[in-house]
Number of protein chains: 4
Amino acid sequence: MANPDGNTAHAAPVEPPEPFAPPAARDRRPAPTARVGRPRDQTRDGDILDAARAELAEHGYARMTMAGVAARAGAGKATVYRRWPSKAELVIDTIACTGHGAPRLDDVPDTGSLRGDLAALRGLKHKDEGVWEALAGIAAELQHSPQLAAVADERLVRPRVAVVRGLLARAAARGELAPGLDLDLIAQVPAAMVACRLVMGREPVDAAFLRSLADDVLVPLATGCPAARERPEDRPAR
Amino acid sequence: MANPDGNTAHAAPVEPPEPFAPPAARDRRPAPTARVGRPRDQTRDGDILDAARAELAEHGYARMTMAGVAARAGAGKATVYRRWPSKAELVIDTIACTGHGAPRLDDVPDTGSLRGDLAALRGLKHKDEGVWEALAGIAAELQHSPQLAAVADERLVRPRVAVVRGLLARAAARGELAPGLDLDLIAQVPAAMVACRLVMGREPVDAAFLRSLADDVLVPLATGCPAARERPEDRPAR
Amino acid sequence: MANPDGNTAHAAPVEPPEPFAPPAARDRRPAPTARVGRPRDQTRDGDILDAARAELAEHGYARMTMAGVAARAGAGKATVYRRWPSKAELVIDTIACTGHGAPRLDDVPDTGSLRGDLAALRGLKHKDEGVWEALAGIAAELQHSPQLAAVADERLVRPRVAVVRGLLARAAARGELAPGLDLDLIAQVPAAMVACRLVMGREPVDAAFLRSLADDVLVPLATGCPAARERPEDRPAR
Amino acid sequence: MANPDGNTAHAAPVEPPEPFAPPAARDRRPAPTARVGRPRDQTRDGDILDAARAELAEHGYARMTMAGVAARAGAGKATVYRRWPSKAELVIDTIACTGHGAPRLDDVPDTGSLRGDLAALRGLKHKDEGVWEALAGIAAELQHSPQLAAVADERLVRPRVAVVRGLLARAAARGELAPGLDLDLIAQVPAAMVACRLVMGREPVDAAFLRSLADDVLVPLATGCPAARERPEDRPAR
DNA sequence: GAATAACCGAGACGGTACGTCAGGTCTTGCT
DNA sequence: AGCAAGACCTGACGTACCGTCTCGGTTATTC
């Protein structure tokens with residue numbers, strides 16, 4: 001998947017040694033060996049990603065075209081393909097570099113409770129718009145390309161799951177959690193729920209849903225008892 | 001989205017209010033107007049949908065071709081396009097008519113416990129092959145077609161969620177469940193987890209995963225305590 | 001090429017035993033055997049031919065469609081194909097039946113000289129418009145279908161050549177002709193010249209051309225000396 | 001009709017005033033504007049035209065397919081359509097570039113008599129294979145495309161007529177010809193006869209026919225007396 | 001007069017070519 | 001050697017037409 005030369009944009013997709021590593025901004029190694037010839041114009045990467053983001057938002061994955069991205073970026077198609085080997089991977093990186101990437105565990109203050117931590121996470125306002133939509137766009141490709149699936153998992157899914165996993169680890173350290181839980185599995189639940197709802201597009205993924213996801217699913221699941229509600233009135237009437 | 005004439009294959013796809021409605025065989029109104037000329041060969045619809053389903057499962061949405069569907073159905077492309085105006089709409093109906101294999105609540109014996117019921121559900125061997133793969137294939141289109149999303153939700157997702165929801169209702173009647181849970185939300189968890197794992201294609205959706213999903217996620221979440229294990233050794237060592 | 005039943009429109013393409021037979025109006029034998037069942041509606045033939053003629057004039061051979069002919073005739077495609085086995089053959093008969101067919105030798109008065117007879121022939125105003133254009137339309141098919149070529153030759157070319165051949169025979173009887181000529185070959189010259197000019201469409205086939213064809217080609221060729229000009233001024237200045 | 005850009009393949013196909021102009025190699029103007037980007041691969045033009053010529057001769061216009069042409073040329077359909085906007089226009093240029101085989105007047109030795117010159121012309125073995133077949137193939141299109149007709153006339157018909165016209169001029173200089181003949185018209189006779197016979201496909205265009213055309217039509221017509229036969233026995237018995 | 005058989009208009013059917021368009025690669029001339 | 005431009009091949013798309021087949025209904029001949 002990576003370019004033959006090591007100069008690719010996501011040559012080492014992130015590979016966090018520790019599971020809670022930051023989402024790893026795309027590394028721009030200035031080239032392992034001093035290459036001859038004209039060096040790459042690093043500014044083109046950003047231009048292309050910006051163009052890709054715009055085209056993606058405007059047309060969606062299926063109707064976005066590489067020629068359109070290149071034209072909007074004022075680049076040639078070869079310049080795009082020199083950096084990303086396929087449309088799917090360009091989209092992955094486009095999304096991975098959206099906003100400031102997935103939230104980092106360090107950014108979530110320790111509120112003293114899992115429920116509080118999750119609320120703090122929700123407050124981070126990481127710009128996830130488009131992440132799951134893009135994943136939906138390339139979903140069909142994932143079936144047939146394990147490499148692409150690996151990259152998508154690495155850059156889109158894993159960082160977001162990892163944050164939740166980290167909060168669960170914090171809670172475990174606090175002794176909040178019920179014993180014998182499969183925290184790795186549990187940590188995947190919120191991402192899966194959000195992704196499915198976004199892909200189906202039938203119900204909004206709004207603050208109420210996210211809170212419900214935390215308070216009605218994750219906290220009860222992890223702690224073994226329904227989340228203590230500070231304000232009973234924020235419990236949605238059903 | 002539907003066929004131009006009112007003879008659409010999924011004339012009323014979205015409105016079954018009761019969640020356990022049958023998969024709704026495609027209604028074949030005997031023609032609203034007395035048509036002249038050679039009538040449509042109704043058997044071609046089924047042949048084409050079968051072919052489309054097979055091609056979809058085999059190649060995914062992007063790589064499935066209309067010519068391939070027509071050839072597999074022994075039909076001409078015109079016969080396909082006479083019924084569905086585009087590839088996306090053919091897939092809509094293909095999805096809409098898939099799901100006969102969705103398990104029905106009545107098929108799940110009441111074992112006396114949620115955990116047992118879930119195990120029984122897993123044993124039903126419902127014909128889910130290709131359902132989630134098909135969903136992945138059209139995921140990109142869901143963004144731009146509310147109709148497609150509605151049909152996919154109705155035919156693929158909702159019936160499967162509904163069965164779990166029914167088992168949760170049974171458990172609630174037994175008094176197994178912790179109070180104050182959002183059962184509608186909880187019931188979505190397994191489908192979301194399965195769908196995501198299938199789409200990513202990185203880890204298998206095997207019996208062990210499904211059991212873990214039931215015993216390590218759904219039962220603890222619903223009952224407030226980890227599932228009692230009959231055989232401790234089937235608890236995966238972690 | 002003919003229909004299996006003898007009821008076809010051009011079942012016995014004409015087969016003039018004597019070479020100067022009339023162009024043979026399409027024979028409508030009332031059926032060799034007394035057939036049971038509903039007889040063909042003979043009026044449909046004329047309607048279809050009229051429609052075909054109109055469509056041919058309007059769109060040309062390539063863009064004329066059988067469905068369009070049938071629709072204009074108020075007939076079904078099957079009714080057309082029951083009478084003519086292909087588009088090409090329908091066009092052949094359409095042309096063969098245009099106007100009152102090719103001129104007949106009997107219609108050309110004996111003026112006492114070949115030159116005069118040819119002038120009389122030109123004055124007959126047979127409606128040949130479209131004959132050679134139609135032949136051009138099916139020219140490509142002729143390459144690959146000897147049967148079609150036979151029909152076209154029989155119904156379109158031969159009758160017109162035969163008239164000239166008849167006039168040459170008259171002239172021979174008068175003793176006008178030079179000895180030792182291949183009259184069958186010579187009789188083909190005018191048709192070939194007209195056909196080529198019409199097909200190429202670059203120069204008009206007008207009265208001047210036809211007169212020049214007779215006076216500057218056929219008469220000199222057949223009689224061995226340039227045609228005596230009654231009016232020298234009608235000799236085109238070149 | 002020409003390519004949208006001025007880089008057309010037959011930019012000036014019609015204007016050679018002198019009738020014996022060379023077949024006019026397709027002019028390749030080095031591009032009117034300094035184009036950026038990858039330049040057209042000029043070798044593809046020739047490959048495609050060769051393939052088109054072969055397909056045209058093999059299948060005729062109607063059965064020749066653009067996909068077949070592209071495949072035979074080892075090109076993509078887009079490459080063909082980038083150069084010619086339609087099948088008809090590709091055939092126009094194919095015809096325009098065919099005719100290298102047309103004999104030139106200079107190639108016909110002066111034998112001292114019209115009859116001898118015509119025999120020498122027949123012996124030239126010019127590469128006419130496919131020329132008249134191609135003309136037949138596109139005959140239907142000629143009706144609707146003056147450009148196509150112009151090109152076909154210019155490239156296929158006119159050069160061949162011109163050679164005969166040149167031989168007639170030689171004969172006139174020798175004093176062989178009867179006075180007052182329309183040589184331009186007479187020169188068209190052989191081409192018309194050959195074309196018609198080839199299109200009808202009913203009788204072969206063989207050496208005997210060509211000789212008969214010269215000796216029984218053209219020579220008597222031009223000289224006013226039947227061709228003197230060296231060997232009386234080669235006069236066909238009739 | 002009823003049965004029969006072929007007709008009729010309408011249009012769906014399988015097939016095939018058309019002309020368009022996108023993805024991903026390669027080739028120019030320039031920097 | 002990178003870069004912008006764009007030509008290249010591949011292959012799917014959706015449309016149109018041909019010639020065949022099938023429907024429900026009609027109409028003359030035959031028993």
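Every chain is numbered from 1 and lettered A, B, ... according to where its sequence line falls, protein lines coming before strand lines.
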Output yes when at least one side-chain N/O atom of [X] is less than 4.0 Å from OP1 or OP2 of [N], else no.
{"X": "D/Lys87", "N": "E/dA17", "answer": "no"}
{"X": "A/Thr65", "N": "E/dA22", "answer": "no"}
{"X": "B/Thr79", "N": "E/dA12", "answer": "no"}
{"X": "B/Tyr81", "N": "F/dG14", "answer": "yes"}
{"X": "C/Arg38", "N": "F/dT29", "answer": "no"}
{"X": "D/Arg44", "N": "F/dC9", "answer": "yes"}

Interatomic distance, D/Met66 atom CE to D/Leu90 atom CG [nearest 0.5 angstrom] = 5.0 Å

Check the pair A/Asp41, A/Thr79 against side-chain contact (heavy atoms from CB on, under 4.5 Å), reporting the backbone distance first and the verdict last.
-> CA-CA 10 Å; A/Asp41 181 351; A/Thr79 303; over 6 Å; no

State, to 0.1 Å, how close A/Arg53 and A/Thr94 come at their nearest heavy-atom pair, and which atoms those are.
->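 That closest heavy-atom pairing would be NH1-O, 3.2 Å.
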
Report yes or no: does B/Lys77 contribute a side-chain atom to a donor-acceptor pair with the main-chain N or O of B/Val69 at less than 3.5 Å?
->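 Absent.
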
Do the side chain of C/Arg72 and the main chain of C/Ile48 share a donor and acceptor less than 3.5 angstrom apart?
-> no

Selected nucleotide, minimal atom distance to B/Arg40 side chain, candidates F/dC13, E/dA12, F/dG19 | E/dA12

Can you figure out which of E/dG19, E/dG23, F/dC13 approaches the side chain of B/Lys77 most closely?
-> F/dC13

Closest nucleotide of DNA chain E for C/Ala71 versus for A/Ala67: which of these residues is on the 5' side?
-> C/Ala71

Relative to the 5' end of DNA chain E, which residue comes earlier, D/Pro39 or C/Ala73, by the nucleotide with the nearest heavy atom?
-> C/Ala73

Atom-to-atom span, [atom1] of [X] to [atom2] of [N] - whole angstrom:
{"X": "D/Arg82", "N": "F/dG6", "atom1": "CZ", "atom2": "P", "value": "12 Å"}
{"X": "A/His59", "N": "E/dA22", "atom1": "NE2", "atom2": "C1'", "value": "14 Å"}
{"X": "C/Tyr61", "N": "F/dC18", "atom1": "OH", "atom2": "C1'", "value": "10 Å"}
{"X": "B/Met64", "N": "F/dG11", "atom1": "CE", "atom2": "P", "value": "19 Å"}
{"X": "A/Arg63", "N": "E/dT20", "atom1": "CZ", "atom2": "P", "value": "21 Å"}
{"X": "A/Arg83", "N": "E/dG24", "atom1": "CZ", "atom2": "C1'", "value": "17 Å"}
{"X": "A/Met66", "N": "F/dG6", "atom1": "CE", "atom2": "C1'", "value": "16 Å"}
{"X": "B/Asp47", "N": "E/dC13", "atom1": "CG", "atom2": "P", "value": "11 Å"}

Select base, sugar-phosphate, or nothing to describe what A/Ala78 touches, counting heavy atoms under 4.0 Å on all strands.
-> base

Contact class for D/Gly68 (heavy atom, under 4.0 Å): base, sugar-phosphate, or nothing?
-> nothing

Between A/Ala70 and C/Ala62, just flag the one whose closest nucleotide in DNA chain F comes earlier from the 5' side.
->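 The 5'-side residue here is A/Ala70.
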
Tell me, please, whether B/Tyr61 has B/Lys87 positioned over its six-membered ring: NZ or CZ under 6.0 Å from the ring centre and within 45 degrees of its axis?
-> yes

